[in-house]
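Remarks on the structure that follows.
Just so you know, ligand 1 is whichever comes first in the structure, and atom 1 is the first atom listed for that ligand.
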Amino acid sequence: MIKSVICEMLGIKYPVFQGGMAWIADGKLAAAVSEGGGLGIIAAGNAPGDYVRREIRVARSINDKPIGVNIMLLSPFADEVAKVVIEEKVDVVTTGAGNPSKYIKDWLATGIKVIPVVASVALAKLMTRLGASALIAEGGESGGHVGELTTMVLVPQICDATDLPVIAAGGIADGRGVAAAFALGACGVQMGTRFLSAEECTIHPVYKEKILKATDLCTMVTGKRLGHPVRSLRTPFSREYLKAEYSSMPDEELEALATGALRLAVQEGDNDKGCFLAGQIAAMVKKEQPAAEIIREVMEEAEPILLRASQWVK
Ligand code: TUI
């Protein structure tokens, strides 16, 4: 069985995190992942503190294993959520889409493990200096907000830049991905897109169907013009949005076009106006299954690959 320092640090069975997907990763999904031996993470996304508090309590009512909260730093409610995670004594905080420096001291002082997502060596070094517990190195293959570098390029550079445990994310959905991440120096993985197919993931059936039918070239990145690139499924909406980015449409109008699009995808499966966030690995997500089974399957697949790899060393 694959065990690593991150399992010991967090008290989890498998070194597998579930990505904090906005509007998607609620208390129910996080609890199922934690119950299955991984780290379930509730996404704060753009939601207010009260929503996050409620979902933490939902997760705790189903499961007593460690859980995390992901704070999306572009959210207008980030400060509020930063306090809620302290009040509710969550085990782990992950952050995304920004620099969490101003919160770290308070979180660590309450005993929360702090694991920021980093997309560059500079941020990894800063987070290490400020006492982060571990880092998530997320490559641009991932869904949602993306950095510039790919997982293959980012993970080894982050591993070289820090002594902290590194969790690889972006483009990982099976045992081969886990084995590759470990080969690059990571001691754990975070998967988002793979958990979209979890039975406990309550996205609209249209969203799930789109993931299960996805093919290799089915995602694209929009939002570069406004400085917040986002990877999602290629749909009539995302194509239109990309066209608008290259037009003379004013920034405010462009921003308005995207407002609410993620909620429309997740809750209504709206093909015309919804933004279906997904990573490049969506094509390899084949069936709906319980979250616990996903974790077990992925880790059992990784083990023989890692053992076999050493046979090439003479
Ligand atoms: O955050 C994510 N994925 C997300 S957030 C999201 S919701 C959203 N809403 C509006 C605009 C954009 C997104 C959907 N998906 N992943 C973690 C992640 N963080 N990926 C990349 C980064 C990142 C990028 C640059 C983290 C830090 C960073 O630099 C910060 C700095 O100041 O140096």
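The protein atom (non-hydrogen) at minimum distance from atom 1 (O) of ligand 1 is Ala97 N, 3.6 Å. The nearest protein atom to atom 9 (N) of ligand 1, hydrogens excluded, is given as Met72 CE, 3.5 Å; this is a heavy-atom distance. In terms of protein heavy-atom proximity, atom 25 (C) of ligand 1 is closest to Ala119 CB, 4.3 Å. The protein atom (non-hydrogen) at minimum distance from atom 16 (N) of ligand 1 is Glu138 OE2, 3.1 Å. Protein heavy atom at the shortest distance from atom 21 (C) of ligand 1 is His145 CD2, 3.8 Å. Among protein heavy atoms, atom 11 (C) of ligand 1 sits closest to Leu74 CD1, 3.8 Å. Looking only at heavy atoms of the protein, atom 32 (O) of ligand 1 is closest to Asn99 CB, 3.6 Å. When hydrogens are left out, the protein atom nearest atom 18 (C) of ligand 1 is Val117 CG1, 3.3 Å; that is the closest non-hydrogen contact.
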Q: Let me see the working for Ile56 and Val84 under side-chain contact (heavy atoms from CB on, under 4.5 Å), right down to the final yes or no.
A: CA-CA 10 Å; Ile56 293 169; Val84 169; 4.2 Å; yes
Q. Which is it for Tyr241 and Val230 under the side-chain contact (heavy atoms from CB on, under 4.5 Å) test, yes or no, and what are the steps along the way?
A. CA-CA 12 Å; Tyr241 190 88; Val230 163; over 6 Å; no
Q | Test log, rule side-chain contact (heavy atoms from CB on, under 4.5 Å), inputs Glu200 and Phe195 | A | CA-CA 9 Å; Glu200 299 87 348; Phe195 283 112; over 6 Å; no
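A salt bridge links Arg53 and Glu88; the closest N-O separation between the charged side-chain nitrogens and carboxylate oxygens is under 4.0 Å.
With distances taken over non-hydrogen atoms, the option nearest atom 33 (O) of ligand 1 out of Leu123, Val146, Thr259, Val230 is Leu123.
Each of the atoms 1 (O), 17 (C), 19 (N) of ligand 1 lies under 4.0 Å from some heavy atom of Gly96. Which parts of ligand 1 touch Gly144 is read off a 4.0 Å heavy-atom cut-off, strictly below it: atoms 14 (C), 15 (N).
At least one heavy atom of Gly98 sits closer than 4.0 Å to an atom of ligand 1.
Distance check: Gln190 CD to Glu138 CD gives 6.5 Å after rounding to the nearest 0.5 Å.
The minimum heavy-atom distance between Thr151 and Pro156, with the atom names listed, is O-CD, 4.0 Å.
With a 4.0 Å heavy-atom cut-off, ligand 1 is reached by the side chain of Leu277 but not by its N, CA, C or O.
Using cut-offs of 30° and 60° for the angle between ring planes, the His145 and His228 rings count as tilted.
No more than 12 heavy-atom neighbours from other residues, nucleotides or ligands sit within 6.0 angstrom of CG on Asp163.
Results of the side chain to side chain donor-acceptor pair (under 3.5 Å) test with Gln289 over Arg296, Glu199, Arg194 single out Arg194 as the only residue that passes.
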